Asks: 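Dumping the structure here so I can ask a few things about it.
Here is how names work: the chains are called A, B, and so on, in the same order as the sequence lines, proteins then strands, and each is numbered from 1. Predicted model, so just to flag it, every value in this text is computed and none were measured.
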Number of protein chains: 2
Amino acid sequence: MNRNTRGMNLTQQVADTLGNAIINGKYGAHNPVPSEATLCEELNVSRSAAREAVKSLAAKGLITSRARQGIRVLPETEWNLFDADVLRWMRDSNPSLELLREFTELRVAVEPEAAMLAAQRQNQQKIHEIGRALDRMKQAETGLDDPLEADIAFHLSILDASENRFFMQLGRIIDTTLRVSIRFTNMRSGVRAGNHAEHKMIYDAIVAKQPENAAACATALMDSALSTIVSALKEGITKENALPFR
Amino acid sequence: MNRNTRGMNLTQQVADTLGNAIINGKYGAHNPVPSEATLCEELNVSRSAAREAVKSLAAKGLITSRARQGIRVLPETEWNLFDADVLRWMRDSNPSLELLREFTELRVAVEPEAAMLAAQRQNQQKIHEIGRALDRMKQAETGLDDPLEADIAFHLSILDASENRFFMQLGRIIDTTLRVSIRFTNMRSGVRAGNHAEHKMIYDAIVAKQPENAAACATALMDSALSTIVSALKEGITKENALPFR
DNA sequence: AGGCAGATATTATCATATAAATACGACATA
DNA sequence: TATGTCGTATTTATATGATAATATCTGCCT
């Protein structure tokens with residue numbers, strides 16, 4: 001249990017340690033999760049701390065615990081990938097391009113629809129936020145702002161402007177992943193000069209109340225991000241040699 | 001704490017009770033969540049049970065608990081809508097057409113993309129599953145199968161055939177919601193004879209390895225579901241008079 | 001072989017005690 | 001008056017011990 005302890009209480013630290021270990025595959029069919037008692041001993045914590053951590057992980061779909069059966073790791077299909085913690089553990093411990101591809105496929109589906117809704121809903125305040133993010137991207141071109149943060153802010157602001165709670169929620173986990181994804185795609189394709197321009201087209205379409213157009217522009221942007229990843233996969237780039245991915 | 005207790009241990013029961021109460025708005029700014037001690041007393045459970053339930057809800061983003069601050073309900077934006085429990089509590093305690101619309105907007109984005117991927121990936125076994133679900137829908141037309149279950153099975157099988165873990169996960173919560181959604185849309189638009197035919201078009205496109213076509217057919221299907229809901233909203237149908245929604 | 005009964009191990013629950021965190025107010029100081 | 005420091009009370013965090021419930025295993029019986 002030697003991960004970041006800043007601002008985390010014991011239970012959270014245990015949950016973090018266990019969560020990582022589980023997703024790493026440390027526990028499974030061959031190496032079942034140790035019993036409550038063993039866990040306490042290994043981590044030097046009380047049963048309260050261990051049990052509460054277990055409940056937390058159970059709520060995320062990682063494990064179940066039943067009397068006499070012990071703590072069982074659930075099949076991966078049960079893990080709640082839409083939980084920020086789970087996703088973070090996955091990207092930290094098993095940073096595969098595969099997961100990034102699948103996640104980007106989700107974004108390909110979601111972001112154009114979100115842009116379309118943003119153009120329909122016309123929430124001026126939130127559209128203004130998109131504009132501000134766009135400005136930051138412009139600033140970033142000349143080094144006056146962080147390009148990664150600006151890029152993330154842009155995509156999140158669009159999801160926010162969709163005024164759809166599910167899309168807005170998705171923003172939270174997209175945030176987690178974009179910090180890896182954008183860096184990777186930018187690294188691969190180079191931070192093109194057209195980067196800002198492509199984003200601006202989406203914004204302009206939203207301002208101009210052109211839902212279809214906004215969706216089309218967003219699709220174009222996301223498709224290029226996806227194809228960057230797919231081509232990297234085809235080239236056989238794996239987690240071993242894809243430095244920028246960590 | 002008088003909800004379903006079948007197969008749930010005490011902690012889960014407490015979590016279920018609390019989760020519902022929170023989402024119902026029983027606790028909030030005016031009525032803060034009672035302290036741990038009070039909670040134990042009110043529910044007649046030990047502190048362990050209460051605390052573990054609290055950890056579980058915290059993992060789902062509903063609450064935080066800090067010393068001297070007590071248990072706080074987090075703003076709704078923090079709630080993990082992609083958690084099956086949270087979503088179930090929301091639909092049980094606050095069945096608004098609004099939420100259904102937002103959820104369907106998500107499906108409009110996701111299902112066509114999933115159909116497209118299914119057509120690309122061509123996993124024969126999983127495509128076969130889609131076919132089986134389609135057969136069930138056919139059977140349902142003559143009363144030989146449950147139309148609701150068949151419909152759900154169809155949509156889930158497409159998500160599964162996309163071989164994208166995020167889409168497959170989405171299936172879990174779509175399952176939760178479809179049981180309400182499909183019933184509603186069918187009720188409103190009538191279970192058309194074309195119901196099976198429209199679904200078949202998607203299946204055929206996937207089998208024919210036509211990703212674009214599959215997506216287009218799925219879009220058509222989802223758009224009509226969405227417009228049914230939207231028009232209901234415009235007519236001012238609310239949870240008070242929309243019986244079929246419960 | 002098949003099934004039942006008891007032994008056993010493990011989590012579930014309860015109870016209690018102590019530690020740690022922090023909101024809040026008292027008080028001092030400038 | 002404004003501001004910063006400190007003490008106190010309250011609440012959660014953590015630890016520990018005891019008992020109950022339950023699933024699994026084992027061995028005996030048929």
Side-chain angles (χ1 to χ4, degrees), chain A residues 1-19 21-22 27-74 78, chain B residues 1-19 21-22 27-74 78:
Chain A
M1 185 161 54
N2 38 14
R3 294 175 60 87
N4 277 328
T5 62
R6 46 164 195 222
M8 295 174 90
N9 59 28
L10 231 197
T11 300
Q12 288 170 322
Q13 289 175 46
V14 172
D16 191 65
T17 304
L18 266 185
I22 289 169
Y27 303 126
H30 300 288
N31 252 33
V33 182
S35 76
E36 201 177 281
T38 314
L39 228 44
C40 298
E41 201 175 296
E42 285 183 3
L43 300 176
N44 272 315
V45 296
S46 71
R47 283 180 48 214
S48 315
R51 283 187 58 79
E52 283 164 23
V54 164
K55 289 299 174 193
S56 175
L57 295 183
K60 296 176 189 298
L62 259 50
I63 55 182
T64 58
S65 82
R66 294 175 61 188
R68 173 67 225 218
Q69 200 174 64
I71 299 165
R72 280 189 185 172
V73 176
L74 288 172
E78 298 293 322
Chain B
M1 186 162 53
N2 38 15
R3 295 174 60 85
N4 278 328
T5 62
R6 42 160 199 226
M8 296 173 87
N9 60 27
L10 231 198
T11 300
Q12 288 170 321
Q13 289 176 46
V14 173
D16 192 65
T17 304
L18 265 185
I22 289 169
Y27 303 125
H30 300 287
N31 252 35
V33 183
S35 77
E36 204 175 278
T38 314
L39 227 44
C40 298
E41 202 173 297
E42 284 184 4
L43 301 176
N44 273 315
V45 297
S46 71
R47 279 189 62 205
S48 313
R51 283 186 57 79
E52 283 164 22
V54 164
K55 289 300 174 193
S56 174
L57 295 183
K60 296 176 187 299
L62 292 188
I63 54 181
T64 59
S65 80
R66 291 174 59 187
R68 174 68 221 221
Q69 198 176 68
I71 299 165
R72 275 190 189 173
V73 176
L74 288 172
E78 298 293 322

Asks: Taking CE from B:Met8 and P from D:dT22, how many angstroms apart are they, rounded to a whole number?
Replies: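 Computing the B:Met8:CE to D:dT22:P distance gives 15 Å.
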Asks: Return the value, rounded to whole Å, for the distance between atom CG of B:Asn44 and atom C1' of C:dA15.
Replies: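 Result: 14 Å.
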Asks: From C:dC14, C:dA12, D:dT14, pick the nucleotide closest to the side chain of A:Ala67?
Replies: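 In terms of side-chain proximity for A:Ala67, the closest of C:dC14, C:dA12, D:dT14 is C:dA12.
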Asks: Classify the nucleic acid contact of B:Arg72 as base, sugar-phosphate or nothing, counting any heavy atom under 4.0 Å across all strands shown.
Replies: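 B:Arg72: no heavy atom of the nucleic acid under 4.0 Å.
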Asks: Taking CD from B:Glu36 and C1' from C:dA19, how many angstroms apart are they, rounded to a whole number?
Replies: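 Those two atoms, CD and C1', are 14 Å apart.
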Asks: Can you measure B:Leu10 atom CG to C:dT13 atom P for me and round it to whole angstrom units?
Replies: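 One finds 5 Å between P of C:dT13 and CG of B:Leu10, rounded.
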Asks: Would you say C:dT13 has OP1 or OP2 under 4.0 Å from some side-chain N or O of B:Thr11?
Replies: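 Yes, within the criterion.
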Asks: Less than 4.5 Å apart, side chain to side chain, heavy atoms only: is that true for A:Leu57 and A:Ile71?
Replies: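 Answer no - side chains too far apart.
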Asks: Scan A:Ser35 against the nucleic acid and name what it touches under 4.0 Å (heavy atoms): base, sugar-phosphate only, or nothing.
Replies: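 Result for A:Ser35 = sugar-phosphate.
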Asks: Provide, to the nearest angstrom, the distance between the CD atom belonging to A:Glu41 and the P atom belonging to D:dT16.
Replies: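 It works out to 12 Å between those atoms.
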Asks: Counting heavy atoms from C-beta on, name the nucleotide in D:dT10, C:dT13, D:dT12 closest to the side chain of B:Arg68.
Replies: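 Selected nucleotide: D:dT10.
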Asks: Does A:Leu18 reach the side chain of A:Ile63, with side-chain heavy atoms less than 4.5 Å apart?
Replies: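 SC-SC contact between A:Leu18 and A:Ile63 ruled out.
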Asks: Whole angstroms only, please: what is the CD-C1' distance between B:Gln69 and D:dA13?
Replies: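 Computing the B:Gln69:CD to D:dA13:C1' distance gives 14 Å.
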Asks: Report the residue from B:Arg68, B:Lys55, B:Arg51 that forms a salt bridge (charged side-chain N to carboxylate O under 4.0 Å, His left out) with B:Glu36.
Replies: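 Running salt bridge (charged side-chain N to carboxylate O under 4.0 Å, His left out) over B:Arg68, B:Lys55, B:Arg51 with B:Glu36 returns exactly one hit, B:Arg51.
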Asks: Of all the nucleotides listed (D:dT12, C:dA23, D:dT16), which has the minimum atom distance to the side chain of B:Ile71?
Replies: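 For the B:Ile71 side chain, the nearest candidate turns out to be D:dT12.
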Asks: Looking at B:Ser46 and C:dA15, is any side-chain donor or acceptor paired with a base atom of the opposite kind under 3.5 Å?
Replies: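 Flag unset: no donor-acceptor pair detected.
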Asks: Between B:Gln12 (CD) and D:dA21 (C1'), how many Å, whole number?
Replies: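 Atom CD in B:Gln12 sits about 15 Å away from atom C1' in D:dA21.
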Asks: Reckon A:Ser65 touches a base, only the sugar-phosphate, or nothing at all at heavy-atom distances under 4.0 Å?
Replies: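 It contacts sugar-phosphate atoms only.
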Asks: For atom CD of A:Glu41, is the number of surrounding heavy atoms from other residues, nucleotides or ligands below 6.0 Å larger than 12?
Replies: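 Atom CD in A:Glu41 is not crowded, with 12 or fewer foreign heavy atoms closer than 6.0 Å.
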Asks: Can you find a side chain N or O atom of B:Arg47 that sits less than 4.0 Å from OP1 or OP2 on C:dT16?
Replies: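 No, B:Arg47 has no side-chain N/O under 4.0 Å of OP1/OP2 on C:dT16.
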Asks: Using atom types as modelled and distance alone, determine if a side-chain donor or acceptor of A:Ser56 lies under 3.5 Å from a backbone N or O of A:Glu52.
Replies: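 Absent.
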Asks: Report the distance from atom CZ of B:Arg66 to atom P of C:dC24, rounded to the nearest whole Å.
Replies: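 To the nearest whole Å, that distance equals 12 Å.
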Asks: Looking at D:dA23, C:dA23, C:dC14, which one has an atom nearest to any side-chain atom of B:Val45?
Replies: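 Out of D:dA23, C:dA23, C:dC14, the nucleotide with an atom closest to B:Val45's side chain is C:dC14.
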